[in-house]
Amino acid sequence: MTTLNPPVTPDEQSRHSRRFGLPVATALVMGNIIGGGIFLLPASVAPYGTISLVAFGVLTAGALTLALVFGRLAERHPQTGGPYVYAREAFGDFAGFLTAWSYWITTWVSNAALAVAAVGYLDVLIPVRHSTAATIAAALAVQWLPALANLAGTRYVGAVQLTATVLKFVPLLLVAVGGLFFFDSANLGPFQTGSTSAAGAISASAAILLFSYLGVESAAVSAGEVRDPRRNVGRATILGTLGAASLYLLGTLSVFGLVAHDRLIGSSAPFTDAVNAMFGGTWGGTAVACMALVSMVGALNGWTLLSAQTPYAAAQDGLFPRFFTHKRRGVPTYGVLTTVVLASLLTVYNYTAGPAGVFETLVLVTTFTATVPYLLSTAAQIHFLLTGRADRVNRPRLIRDGVLALLAFAFSLWLVAGSGYAAVYQGVLFLFAGVLVYAVMAARASRRRPVA
């Protein structure tokens, strides 16, 4: 009689699964934060003027406070699951489930968004957008290749992630730093445009920029796969966030100074225009398209792993369907497959629905669904600090940890407000749909519980 899950020998497990060290964990954080957003951000925020650089600064400071809080939480709870583990430990099963559910939605919708954006750059290299069928096939290929790398084992996930991060970090840094030597302040345009107040312009810019800062929690979510997580998760989170933020700020500033403001507002490839301004010619479009594809595939590789880790941790506690606990070669197999199938269906829907589709709205929903785990994680840290339990509180650092947690909570709450009414409305509907799933899982757990 055959079994659905044949046993895996320790030798086979060790060959294909390997814990991440600090370099790979840092690459995971940087790779997940730096997806395709950096190639689009300068043109997206240009309509608000150079005041958008202030929004960059605010978001970077907020992301660092979150990074520090996640590092401290990972020291106390170095298990796979990250925000889910913290929320459940502090507030119980229901809060843990909402965190896992919300984070899971964020991951697979973000994967679909990255795949759709990648097709735009792929078209520069290989024309695929001449037909809907070819476009869909290209988008699905971009999603399934990282999924297959994940299914091959965590050893290969780490190798792909580290390679992709290096390949995109070097050229992006060259553009960001090299562009400063060609910087022309006359291209910057006005500091603030329109009649919106300064605070309103910063909030509006931040709402656009948020999607590109998701991923600061990456090492914490995969803590179970990181060597010495109590030490390395916090370091990787901070180093990865600082590295990504530096590229964002330098890259955007360089593009602002290389491309005239009026032209930048209408640009669909701002880094291409910046490279052309630096060196002349039109070869920059091809080079930037290659960098963007490497960046997005690397981000999809990391996000695919994260999308399976949270439901895996929740399923182990009986809060998600049991099949999410199936693990092979160090990777939650069914979690990867379920996520890539959902993202693929959403991608197909986006292209078949046409320009009037709701895909853009769903992407905005991720800015709300991502902040739910952030809010609950920072609230969990505040809870641990206020309870004063010796196993969770480092008393000499109590004041510093408390201030950081409060700042991170306020930052997360500000992000919820900046998501917009439509995104919050849609996001709440997604959360309420999860309540039904929780009711079913809780009922099953009650039936299995022995009667006194």
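Numbering of residues begins at 1 and proceeds along the displayed sequence.
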With Val109, the side-chain contact (heavy atoms from CB on, under 4.5 Å) member among Leu346, Leu114, Thr369
Leu346
Is the backbone of [Y] close enough, under 3.5 Å, to the side chain of [X] for a donor and an acceptor to pair up by distance?
| X | Y | result |
| --- | --- | --- |
| Thr65 | Gly62 | yes |
| Trp104 | Thr339 | no |
| Asp184 | Ala186 | yes |
| Ser52 | Gly49 | yes |

Test side chain to side chain donor-acceptor pair (under 3.5 Å) applied to [X] - qualifying residues, sequence neighbours left out:
| X | answer |
| --- | --- |
| Trp108 | none |
| Tyr48 | none |
| Thr378 | none |
| Thr50 | none |

Could you report the tightest heavy-atom contact between [X] and [Y], atom names first, then the distance?
| X | Y | answer |
| --- | --- | --- |
| Thr304 | Ala147 | CG2-CA, 4.1 Å |
| Ala141 | Pro146 | O-CD, 4.4 Å |
| Gly335 | Phe324 | CA-CD2, 3.7 Å |
| His261 | Leu188 | CD2-O, 3.8 Å |
| Phe256 | Pro42 | CE1-O, 3.5 Å |
| Gln143 | Ser344 | OE1-N, 3.3 Å |

For Phe183, ring-ring contact (aromatic ring centres under 6.0 Å, His included) partners two or more places apart:
none
For Phe368, all residues meeting ring-ring contact (aromatic ring centres under 6.0 Å, His included), sequence neighbours excluded
none
Contact between [X] and [Y] at the side-chain level, heavy atoms closer than 4.5 Å - yes or no?
| X | Y | value |
| --- | --- | --- |
| Ser377 | Leu73 | yes |
| Asn111 | Val340 | no |
| Asn187 | Val259 | no |
| His383 | Glu89 | no |
| Asp317 | Arg88 | yes |

Using the ring of each side chain (for Trp, its six-membered ring), is [X] parallel, tilted or perpendicular to [Y], with breaks at 30° and 60°?
| X | Y | value |
| --- | --- | --- |
| Tyr248 | Phe56 | tilted |
| Phe320 | Phe97 | tilted |
| Phe70 | Tyr86 | tilted |

Tell me, please, which residues at least two apart from [X] pass side chain to side chain contact (heavy atoms under 4.5 Å, CB included).
| X | answer |
| --- | --- |
| Leu68 | Ile238, Leu404 |
| Ala61 | none |
| Pro373 | Pro83, Thr99, Ser102, Tyr103 |
| Ala308 | Pro332, Val336 |

Using the side-chain contact (heavy atoms from CB on, under 4.5 Å) rule, take Asp273 and Leu264 through it: C-alpha gap first, then chi angles, then the decisive distance, then the call.
CA-CA 8 Å; Asp273 295 335; Leu264 182 60; 5.9 Å; no
What distance do [X] atom [atom1] and [Y] atom [atom2] have between them, rounded to the nearest 0.5 Å?
| X | Y | atom1 | atom2 | value |
| --- | --- | --- | --- | --- |
| Ile382 | Thr387 | CD1 | OG1 | 12.0 Å |
| Leu376 | Leu98 | CG | CG | 7.5 Å |
| Leu250 | Leu180 | CG | CG | 6.0 Å |
| Met278 | Leu258 | CE | CG | 6.5 Å |
| Thr333 | His326 | OG1 | NE2 | 5.0 Å |
| Leu247 | Thr252 | CG | OG1 | 10.0 Å |

Listed pairs under 3.5 Å, donor-acceptor, residues 406-417 side chains, sequence neighbours left out:
{"unit_1": "Ser412", "atom_1": "OG", "unit_2": "Ala408", "atom_2": "O", "d": "2.9"}

Applying side-chain contact (heavy atoms from CB on, under 4.5 Å), run through Trp144 and Val341 and close with a yes or a no.
CA-CA 9 Å; Trp144 279 90; Val341 167; 4.2 Å; yes
